[in-house]
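Working notes for the structure below.
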Amino acid sequence: MAVKIPKPQPSTRSKVCSVCGETYTYPEPGNKATRHHCGLCVDLSPHAKKVLGRLAKRVGALEKKLK
């Protein structure tokens with residue numbers, strides 16, 4: 001029996017993880033990534049995601065100020 005490969009959805013697009021800033025494709029079959037977290041960060045605890053997300057926002061704001 002042939003393996004059925006799902007077609008990419010029209011809403012498939014490149015996203016940026018709110019924790020690590022990595023670019024990933026969402027939705028992608030077989031990937032655990034969510035709308036806000038990449039496949040690596042999705043397994044972190046909710047507390048760690050919250051703290052790292054805040055730090056990422058602060059670093060981003062500081063980088064914008066320096067430019």
Side-chain angles (χ1 to χ4, degrees):
M1 189 172 211
V3 177
K4 187 175 182 181
I5 300 172
K7 293 180 181 177
Q9 298 178 4
S11 63
T12 300
R13 61 182 154 198
S14 184
K15 297 246 181 198
V16 177
C17 180
S18 64
V19 175
C20 67
E22 178 183 341
T23 303
Y24 63 98
T25 304
Y26 175 82
E28 194 171 276
N31 194 348
K32 298 186 298 181
T34 63
R35 288 183 295 169
H36 303 287
H37 305 300
C38 67
L40 296 174
C41 296
V42 76
D43 291 331
L44 294 173
S45 70
H47 178 71
K49 287 181 197 175
K50 185 177 179 179
V51 171
L52 291 172
R54 285 183 182 174
L55 289 174
K57 286 180 184 178
R58 289 182 184 174
V59 168
L62 289 172
E63 287 176 345
K64 285 183 180 180
K65 281 185 180 180
L66 289 175
K67 288 182 181 179

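- Nearest approach of V42 to K49, heavy atoms of both residues: O-NZ, 3.2 Å.
- Atom NZ of K57 is separated from atom OG of S18 by 7.5 Å, given to the nearest 0.5 angstrom.
- Annotation: the span from L52 atom CG to C41 atom SG amounts to 7.5 Å, rounded to 0.5 Å.
- The shortest non-hydrogen separation linking G39 to N31 is CA-OD1, 3.9 Å.
- Of the residues H37, K50, R54, the one that meets the side chain to side chain contact (heavy atoms under 4.5 Å, CB included) test with V19 is H37.
- K15 places no side-chain N or O within donor-acceptor distance of the main-chain N or O of H36, the cut-off being under 3.5 Å.
- Here the closest heavy-atom approach between residue C38 and residue A33 is recorded as C-CB, 4.0 Å.
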